[in-house]
Protein chains: 2
Amino acid sequence: MALTRDAIVDAAEAILDEYGLADLSMRRVADLLGVQAGALYYHLPNKQTLLAAVADGILGAMGQADTLQGWATEYRRLLLGRRDAAELVASTRAMGLGEVDPTAPARGLVPTERAGDVLATFEHFVLGATLHDQTQAQLGALGVVRGFDEAAAEATFQEGLRILSRGVGIFTT
Amino acid sequence: MALTRDAIVDAAEAILDEYGLADLSMRRVADLLGVQAGALYYHLPNKQTLLAAVADGILGAMGQADTLQGWATEYRRLLLGRRDAAELVASTRAMGLGEVDPTAPARGLVPTERAGDVLATFEHFVLGATLHDQTQAQLGALGVVRGFDEAAAEATFQEGLRILSRGVGIFTT
DNA sequence: ACCTGAACACCGTTCAAGT
DNA sequence: ACCTGAACACCGTTCAAGT
């Protein structure tokens with residue numbers, strides 16, 4: 001069944017969903033595909049590239065938005081929808097890997113020359129907040145930490161977006 | 001020279017500074033102390049606890065601030081001052097480890113009942129932005145990525161703080 | 001061209017045994 | 001009480017050798 005790059009990325013996604021980022025190893029991916037670990041390196045240069053491809057798969061689902069808040073909320077929703085996605089995306093975005101730019105659908109929404117700064121600010125907030133909340137949610141699910149309130153975290157996130165949006169008014173109003 | 005918890009944390013800090021978080025292993029720390037890796041577990045339950053202690057060492061330097069922007073700027077400065085500190089602190093803060101609360105010195109600066117949300121928003125922005133910039137700076141230093149402009153990153157960060165601060169005005173004015 | 005087998009140089013953690 | 005030695009169960013990556 002001919003090992004391909006796509007098959008490897010799919011296997012990595014399956015392992016991410018079932019075991020999490022910490023257990024997503026090249027050897028586990030190879031095992032799932034019934035192949036030796038070394039075989040993966042014929043199709044991919046290294047693990048980073050594989051992780052970036054998985055991140056692209058997640059970010060590829062970003063659709064058009066008509067407000068900055070809507071865009072940020074969808075970005076967060078996408079990350080929360082997949083195990084450890086906030087950590088994965090935060091690190092691939094920080095390293096500048098990945099082909100998909102999740103800020104692209106928000107480009108037209110900031111009618112100012114400072115658009116780059118505004119989008120960077122929103123993205124850093126989304127990644128920082130969601131990394132925190134997703135980690136807490138997972139610790140809560142394991143019973144390691146008690147009383148993580150998902151609704152409260154969402155409310156705090158929306159409050160943050162309101163603060164940011166009000167502040168952006170410097171430019172737009 | 002009696003191995004102590006403090007000596008282990010100091011050694012870990014030294015390795016962080018010289019080799020970075022990826023190369024900060026229990027075995028390396030033990031080597032630096034001239035001891036077997038297993039010996040560390042007599043003084044610390046696991047690596048997470050050690051990393052949390054190192055993070056506390058960094059965050060312990062936070063001083064009093066008299067504006068939210070000043071507090072956020074010092075938080076960032078502290079993180080940028082130590083190799084991989086943004087990644088280290090972002091993860092220990094997300095997991096709720098560490099004894100030191102870096103938001104404590106900013107408590108009195110937000111005279112509203114939504115103070116918790118405001119501080120969380122600022123911290124998530126600081127961690128998200130600084131994680132990004134510190135990663136880029138390190139990739140730039142390695143020549144992996146070209147043209148990371150530190151001054152531009154700082155300007156974008158300050159622009160983000162201005163947006164946030166303006167937005168907080170909802171409450172304070 | 002594509003994959004195996006085996007190696008290299010590592011990990012975090014545990015634990016009987018020594019002092 | 002404190003540490004060693006050795007093991008367990010892993011890592012990412014490389015590369016000669018096979019097909």
Side-chain angles (χ1 to χ4, degrees), chain A residues 1-55 83-84 87-88 91-92 94-95 97-98 135 138-139 142 144, chain B residues 1-55 83-84 87-88 91-92 94-95 97-98 135 138-139 142 144:
Chain A
M1 24 186 150
L3 195 57
T4 63
R5 199 191 121 110
D6 280 357
I8 296 170
V9 174
D10 286 352
E13 275 171 7
I15 287 169
L16 181 65
D17 286 342
E18 227 177 327
Y19 303 102
L21 190 59
D23 288 338
L24 172 42
S25 69
M26 296 300 269
R27 287 168 196 266
R28 256 177 197 267
V29 172
D31 273 3
L32 184 60
L33 292 164
V35 90
Q36 293 292 316
L40 305 181
Y41 290 85
Y42 193 86
H43 303 273
L44 292 160
N46 49 47
K47 187 181 178 181
Q48 288 288 12
T49 304
L50 175 55
L51 293 180
V54 174
R83 172 115 88 130
D84 292 328
E87 189 184 341
L88 173 65
S91 104
T92 58
M95 314 221 320
L97 302 176
T135 303
Q138 269 156 202
L139 292 177
L142 291 174
V144 179
Chain B
M1 22 185 152
L3 194 57
T4 62
R5 198 191 123 111
D6 279 359
I8 296 171
V9 175
D10 285 353
E13 275 172 8
I15 287 170
L16 181 65
D17 287 342
E18 228 177 328
Y19 302 102
L21 190 58
D23 288 337
L24 172 42
S25 69
M26 297 300 270
R27 287 166 196 266
R28 257 177 197 268
V29 171
D31 274 2
L32 184 60
L33 293 164
V35 90
Q36 292 294 315
L40 305 181
Y41 290 84
Y42 193 85
H43 302 274
L44 292 160
N46 49 46
K47 188 181 178 182
Q48 288 289 10
T49 303
L50 175 55
L51 294 179
V54 174
R83 171 114 88 130
D84 293 326
E87 189 183 341
L88 173 65
S91 103
T92 58
M95 313 219 320
L97 302 176
T135 303
Q138 270 157 201
L139 292 176
L142 291 174
V144 178

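Keep in mind the model is a prediction, meaning the values are calculated, not measured. Chain letters run A, B, ... following the sequence lines, proteins first, then strands; residues in each count from 1. Any value given below was found using the heavy atoms of this structure, including those in side chains, with hydrogens, waters and symmetry copies removed.
- Toward the 5′ end of DNA chain C lies the nearest nucleotide of A:Leu40, the other residue of the pair A:Leu40 and B:Asn46 mapping further downstream.
- Across all strands shown, the partner of D:dC2 is C:dG18, judged by Watson-Crick or G-U wobble contacts whose two distances both fall under 3.5 Å.
- Between A:Arg83 and A:Leu88 the shortest side-chain heavy-atom distance does not fall below 4.5 Å.
- In this structure, the OH atom of B:Tyr41 is 10 Å from the C1' atom of C:dC11, given to the nearest Å.
- Nucleotides C:dC11 and D:dC8 are separated by 12 Å at their C1' atoms, to the nearest Å.
- Going from atom NZ of A:Lys47 over to atom C1' of C:dC11 covers 12 Å, rounded to whole Å.
- Put simply, B:Tyr42 has no side-chain N or O that comes within less than 4.0 Å of OP1 or OP2 on D:dC3.
- Proximity of B:Gln138 to B:Asp84: side-chain heavy atoms (C-beta onward) are separated by under 4.5 Å at one or more points.
- Separating the CE atom of A:Met26 from the P atom of D:dC10 is a distance of 18 Å, rounded to the nearest angstrom.
- Base pairing of C:dG12: its partner is D:dC8, meeting the Watson-Crick or G-U wobble criterion (both donor-acceptor distances under 3.5 Å).
- The phosphate of D:dC3 has OP1 or OP2 within less than 4.0 Å of a side-chain N or O from B:His43.
- Between A:Gln36 and C:dC3, a side-chain N or O to OP1/OP2 separation shorter than 4.0 Å is absent.
- Where A:Arg27 and A:Ala39 meet DNA chain D, the nucleotide closest to each residue was compared, and A:Arg27 sits on the side nearer the 5' end.
- The side-chain heavy atoms of B:Val29 and B:Leu40, taken from C-beta on, include a pair separated by under 4.5 Å.
- Between the P atom of C:dC10 and the CG atom of B:Leu24 lies a distance of 15 Å, rounded to the nearest Å.
- One interatomic measurement links the two molecules: CG of A:Leu44 to C1' of C:dC3, which rounds to 15 Å at whole-angstrom precision.
- Rounding to whole angstrom units, CD1 of residue B:Ile15 and C1' of C:dC11 are separated by 14 Å.
- Side-chain contact check for A:Leu51 versus A:Leu24: some heavy-atom pair is nearer than 4.5 Å.
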